[in-house]
Amino acid sequence: MPRRALLALALPLLGLGAWAFATSVGGVKVYQLASPADVVRELGTLAANGQLWANLAASIERVALGFACAFAVALGLGTAVGLSPRVEAALDPTLQALRAVPSLAWVPLLLLWLGIGEDAKIVLIAIGAFFPIYVNLVAGIRGVDRKLVEVAEIFGIRGFDLARRVVVPAALPALLVGARIGLTQAWLFLVAAELLASTRGLGYMLTEGQQISRTDEILTAILLLALCGKLSESAMRVLERRLLRWTDGLPV
Amino acid sequence: MKPAIAVEGVSKSFGVRAVFENFDLAVERGETVALLGASGCGKSTLLRCVAGLVRPESGRIAVEGEIGLVFQEPRLMPWLSVERNVAFAARGEVERARVKDVIDLVGLSNAAHVLPKALSGGMAQRAALARSLIRSPKVLLLDEPLSSLDALLRLELQTAIAAIVRETGCTALLVTHDVDEALYLADRIVVLEGTPARATLEVTVAPGARRSRYADLTNERIALLRALGVDLQRVAGGLPGQLVRLHGT
């Protein structure tokens with residue numbers, strides 16, 4: 001195994017050891033902290049009775065939908081703001097003000113407007129994921145080499161075509177960084193949304209575990225969240241590497 | 001006959017500095033004209049006015065037909081292969097079908113699928129040249145296209161440009177600070193100097209001597225160097241025949 005991988009695994013393994021020690025010899029009670037074995041058992045039970053997959057699927061679906069909405073809106077608004085000083089003057093101050101609102105402050109309003117169904121959750125996730133994508137895309141477009149835009153100008157390529165063929169591809173490195181951060185935010189807001197009101201999902205597992213004092217269920221959910229977050233982040237990095245082969249340096 | 005490029009009474013200033021005042025230039029169809037001058041003399045600004053990238057304050061500029069422009073830097077889209085960069089400006093099937101031909105013409109057929117980051121400076125500039133030719137321009141504008149290349153590559157690309165201009169029959173306007181490049185490529189050389197810039201000397205290269213590197217153009221060369229303000233007593237040790245190059249003064 002390469003050295004880096006070994007090093008990366010050292011800390012989790014150490015943590016696992018400490019955890020196992022605390023719950024067996026250390027005398028920590030199971031309602032305070034379940035043992036690793038308990039968590040594995042719980043994972044097996046949930047997988048067998050299908051709840052694991054149902055919860056996982058519900059959460060992944062919400063994140064995917066919320067993120068997709070955020071990406072689409074951020075791509076449209078970010079491009080318009082980045083390209084047109086007039087649109088920027090009209091939109092950006094408002095968006096920056098909205099960005100300053102802690103996103104969880106929207107929760108009461110969303111619940112009143114959209115109820116406790118899926119819509120409110122997806123909108124909350126989208127709000128969380130939107131801003132990193134938007135901010136990075138706008139910064140990326142600002143940094144686009146003016147000389148490349150001039151080439152398009154010479155050929156009479158303007159407006160939407162200019163955005164599609166020059167500006168957005170040139171800002172792609174920044175857009176992808178924004179998307180990666182946005183995806184992490186989406187998982188963050190998923191938990192917030194599911195903690196409030198839900199009957200399925202990883203966040204629901206957390207609340208349920210708390211209500212019935214099942215630390216094994218809570219830890220299982222945390223473990224799954226760590227896994228999902230890490231996997232989606234890695235997937236984004238792979239995507240970046242594939243899409244940004246043309247850049248000189250390594251992607252950020 | 002109407003000239004292919006007509007610049008009439010053009011004025012342009014940046015802030016208080018007048019780059020041109022009431023400037024005239026006519027380039028005949030099929031002619032290659034070099035604008036020669038030191039850095040900052042306004043020659044690139046004039047070319048950018050002709051290209052439509054800079055709007056003059058007054059005067060009239062008329063250009064016949066489609067324009068092809070090559071900048072000092074290749075300015076390729078880094079995310080597109082050479083082939084796609086060349087196809088970037090293609091409109092419709094006819095122009096798209098020309099992509100392979102122009103890539104052949106500039107001698108890049110072996111690198112058609114390569115990304116710009118893998119190209120050498122000379123190859124990248126060849127790709128830029130191919131891109132400028134995709135719409136079959138009648139007028140080719142060359143803004144110091146070779147000044148970022150090393151000496152050998154420069155000679156090689158000068159030859160390529162001469163061949164392309166000959167084969168396509170384009171009218172060409174070349175901006176350069178290199179006397180030998182101007183003498184090799186141009187039918188007529190206009191020296192620009194002063195603020196606002198004026199044409200201080202115009203040299204016509206005899207058709208017989210044109211496009212031969214070994215033509216004895218000593219008199220023309222000396223006249224051009226003088227017009228550029230070069231003190232021949234101090235730098236002319238290598239003249240004639242040696243390449244004398246004026247890096248921005």
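By convention in this document, chain letters (A, B, ...) are assigned in the order of the sequence lines, proteins followed by strands, and residues within each chain are numbered from 1.
- Interface residue B:Arg131: backbone and side-chain heavy atoms are both found under 4.5 Å from chain A.
- A side-chain donor-acceptor contact under 3.5 Å links B:Glu57 and B:Ser13.
- Only the side chain of B:Glu73 comes within contact range of chain A, with heavy atoms under 4.5 Å apart.
- Looking at A:Glu240 and A:Arg237, no side-chain N of the basic residue comes within less than 4.0 Å of a carboxylate O on the acidic one, giving no salt bridge.
- B:Phe71 touches chain A through its side chain: at least one heavy atom from C-beta onward sits under 4.5 Å away, while N, CA, C and O do not.
- Side-chain contact of B:Glu64 with B:Thr171: a donor-acceptor pair under 3.5 Å is absent, judged by distance alone.
- The contact between B:Leu76 and chain A is made entirely by backbone atoms, counting heavy-atom distances below 4.5 Å.
- Looking at B:Arg48, the atoms closer than 4.5 Å to chain A (heavy atoms on both sides) all sit in the side chain, from C-beta outward.
- Using the six-membered ring where Trp is involved, A:Tyr134 and A:Phe130 have ring planes that are parallel, under 30° apart on the 30 and 60° scheme.
- Proximity to chain B involves both the backbone and the side chain of A:Leu148, based on heavy atoms less than 4.5 angstrom apart.
- With salt bridges taken as basic N to acidic carboxylate O contacts below 4.0 Å, one links B:Glu66 and B:Arg91.
- Interface residue A:Glu153: only side-chain heavy atoms are found under 4.5 Å from chain B.
- Between the CG atom in A:Leu183 and the SG atom in A:Cys228 there is a gap of 10.5 Å [rounded to 0.5 Å].
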